[in-house]
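First the structure, in the form of structure tokens, and then the observations on it.
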Amino acid sequence: MDIATPPTNPNDNPELADAAPTPHDPPVIRREDYKPFPWLVPEIELHFDLGLEATRVVSKLTVARNAKTKPQDTIKLEGDGLELLSVKVDGEPVNNWSMEGDDLIVPLSSEAHEIEIATEIDPSANTQLMGLYASNGMLCTQCEAEGFRRITFFPDRPDVLSTYRVRMEGSKQQFPILLCNGNKVAEGEGDNGTHWAEWHDPWPKPSYLFALVAGDLVANSGLFTTMSGREVECNIWVRKEDLARTDHALESLHRSMKWDEETFGREYDLDLYNIVAVSDFNMGAMENKGLNVFNTKYVLADPDTATDADFDAVEGVIAHEYFHNWSGNRITCRDWFQLSLKEGFTVLRDQLFSQDMRGEAVKRIEDVRILRAAQFPEDAGPLAHPIRPDSYREISNFYTATVYNKGAEVIRMMRAMSGVERFREGTDLYFDRHDGEAATCEDFITAIEDGAGLDLSQFRNWYRQAGTPTISVRHEVEGETLKLHLKQDIPATPGQPEKQPMPIPLRTAVHSRSNQALGEEQLIVLSEDEQTFDLPLAGPDPVVSINRGYTAPVIVNRTLDRADLVFLAARDDDSFARYEALQELAVAYLVEAASGELTEGERVEGRSAITEAFRSILTDDALDDTMRGELMMLPSETYLFEAMATGERKADPGAIHAEREALKAALGRDLASEFHSLYDRCEEVAFDDPAGRGARKVKTQVLVYAAASDPAKAAELAAHQFDKADNMTDRQGALMVLCGLDAPVRTDKLKAFYERYTGNALVIDKWYTLQALSLHPDVIAQVEALADHPDFTIKNPNRVRALYMAFAGNPLGFHDASGRGYKMIADVILALDPLNPQTAARFVSPLGKWRRIEPGRAALMKAELERIAAVDGLSRDTFEQVSRSLDG
Ligand code: PHE
Ligand code: ZN
């Protein structure tokens, strides 16, 4: 990275000012244009002659006219970067085919044919990591969403379902293990040190679920007996040196299989379930039928190298991919606009699973924290889209927090409105009715309506409309009842200036502050623009506790007295509402302070209310430490950014950061003795004590406050925690705090950490991330130096994200007023785009926030976007994200 060049002022640069629009304008695909494919492909046979530099693929398709469509005398097979060797139709070589761009058009005269196509690809040159690629000497595939066309010519769309028979052959020494979807049906030795295996998957599937892996792997295996008594062999395949870190993944898989039987009545449907860990992967993991391919990050875990949060993430992703076997594979998507059909539903399923494994309250708070940090900004920015989008240029750009996390929230609302049992009747009907099909979101909604007995006509707006609704709350007392006035506003989003009201289910209770009485909870559904609800009073001084458990993904706008919020934070019987009150107290104070709206007197008052609420959190003996650790976290700067950038007001990241740090320092100072006695108590708890997890969480939170209020003491405590840690959670927590301090131990401990874990890629990723996220004043220069470190490589997505995604999420560094942070991210996008467009495009959205930020930074961000837009030959991925970010 270039450290020396000062950031350029875009207004001085004539080249940027009138940059011509790039000629490359990828077409827009629209949901309303969906047409079924004119051919069915009931069977496909694939032969792979495997080599790292050259793999030969022969594909035999059985095709037949699709009676439901208008007959066509050609078939169009998609391709991307393939070398075509030959085409045969019904066994005879033909040369009447033609190319349409990258796609192959073959004339076909009759009702049914067999097409045979030979292609050659170079996996070692595949830096996109889509299709067949080489990673660490092994070969693996990634086909979702449109990667299969990089392996062979095919109707690469999710509504074409085929049964696959695959023969793979390659060097026995290089690729001792040969894996594919389904069951292995035959294997044997070939000439010249080769061997082969033949696999058959009996379940028809779309091409995006195809997978193949060949490499030197070992497995941690375990049998699972399904509810009907069938035995399933489960394998977690890794490189030999990683085998000792796979038990947690295998156990998580078994727990997921059991849970899906008990909770959704879903049983696994093959005798084999393989998971392979690969270290070069664009995403988290992939649900290919019977052969999941995982990023090593979501497989490998042991206490020495993985934090408690990493263990949770492994369990959650293993569950997610497993649950896709029904929500995604047995029932797949008709087209990519329906992505939330499988992703939203599967995220909900993995969230419910993790709630059952680890406790509902804390998991719910974590999920809402993610929603607010990742999805709310998306919904409020230029990339906002409905959970079922209407158009795209590159589908990879729509694997978003909106489709995944808001998609899960929308289905969670259906569940809240129907109740758990009726919801189960709805999902049973859905699985039953659409098994074996490529379905739509509409099919899902109808099945839930029919099975759960709900009327979701107006609710469908949640699928159509983007933007996070804001609910304004007012009330007055009338005799024995509370009149609750609610109003919903859904902001305009790109392409959607006007919005229709949506049904918003809100679990609500009315407490009484003066006699500390807790009211009874009920579910109210706001479905009009404005509506009044009569609720019973529990006593004088009513306090409304609304959206308890976070039943709806909305922003609640209420003006509660500080005393009411303090009461809710200390006393509410819904743990989410307690958390929420505390967050609200802090958000209101920090946003007003950052906007310069508070007098010194008001500041003192605001801080002391927060201090009192925190005191009760720190000292409440009834609280579990995992929940206490959660409650101790102040709202993130991203979330404060969202809260500040409302209406005409712009966000000022510098002011937000300064105020949040000042509040941390004040809390650390005023509650020093509470914090320290808490730390001392937690320090006594052993690693494998059931209370250990909560204790570790609380300890690191205490260090965070100490770092702000008493850096010298924090350095000492953190160094001590680092030295005596017998697990990664304590070690990483301590190092995170040290990274933000300007103390000599910072350098020592970073070095010790690096040396201890040299060669362990996932832990070295942490070493990168901790520094890139740090609050150190020199963070930009440190990140620049880290990019020059020999361990950095732009070819590995985990490493790139460890350094630059972390940095883009570091409000201090990224939003540095000089614009150096923005430039650095723009440079990464430009360097990565030719190699791996999918990953490059993910770095655009941090810059896309420019419209909602104060004018100085906004101009710098916009200039970086324009600099990218002016480059010729951008990928579809980056082109789409950059142009949406500029157009808004
Ligand atoms: N379908 C995967 C999941 O969520 C995500 C993914 C998408 C992986 C595209 C790779 C490529 O489970
Ligand atoms: Zn998924």
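Nothing here was measured: the structure is a model prediction, and the numbers come from that model. Start at 1 and go down the list; that is how both ligands and their atoms are numbered.
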For [X], what residues pass the side chain to side chain donor-acceptor pair (under 3.5 Å) criterion, not counting sequence neighbours?
{"X": "Asp765", "value": "Arg799"}
{"X": "Asp432", "value": "none"}
{"X": "Asn292", "value": "Tyr273"}

Kindly indicate whether the side chain of Tyr164, heavy atoms from C-beta on, has any atom under 4.5 Å from the side chain of Leu46.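 Heavy-atom side-chain distance check passes, below 4.5 Å.
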Within a reach of under 6.0 Å around NZ of Lys297, are more than 12 heavy atoms found that belong to other residues, nucleotides or ligands?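 No.
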Please determine if the Zn ion (ligand 2) has an N/O/S atom from Glu287 lying under 2.8 Å away.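 Of the N, O and S atoms in Glu287, none lies under 2.8 Å from the Zn ion (ligand 2), which means no.
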Does NZ or CZ of Arg364 lie under 6.0 Å from the centre of the six-membered ring of Tyr550, at an angle within 45° of the ring axis?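 No, Arg364 does not sit over the ring of Tyr550.
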Write the atom name of the N, O or S atom in Glu343 that is nearest the Zn ion (ligand 2).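 The atom in question is OE1.
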Salt bridge Asp156-Arg149, side-chain N to carboxylate O under 4.0 Å: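 Answer for the salt bridge query: yes.
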As a test of reading the model: which residues have a non-hydrogen atom less than 4.0 Å away from ligand 1?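 Ligand 1 pocket, heavy atoms under 4.0 Å: Gln142, Glu144, Met283, Ala285, Met286, Glu287, His320, Glu321, His324, Lys342, Glu343, Tyr399, Tyr404.
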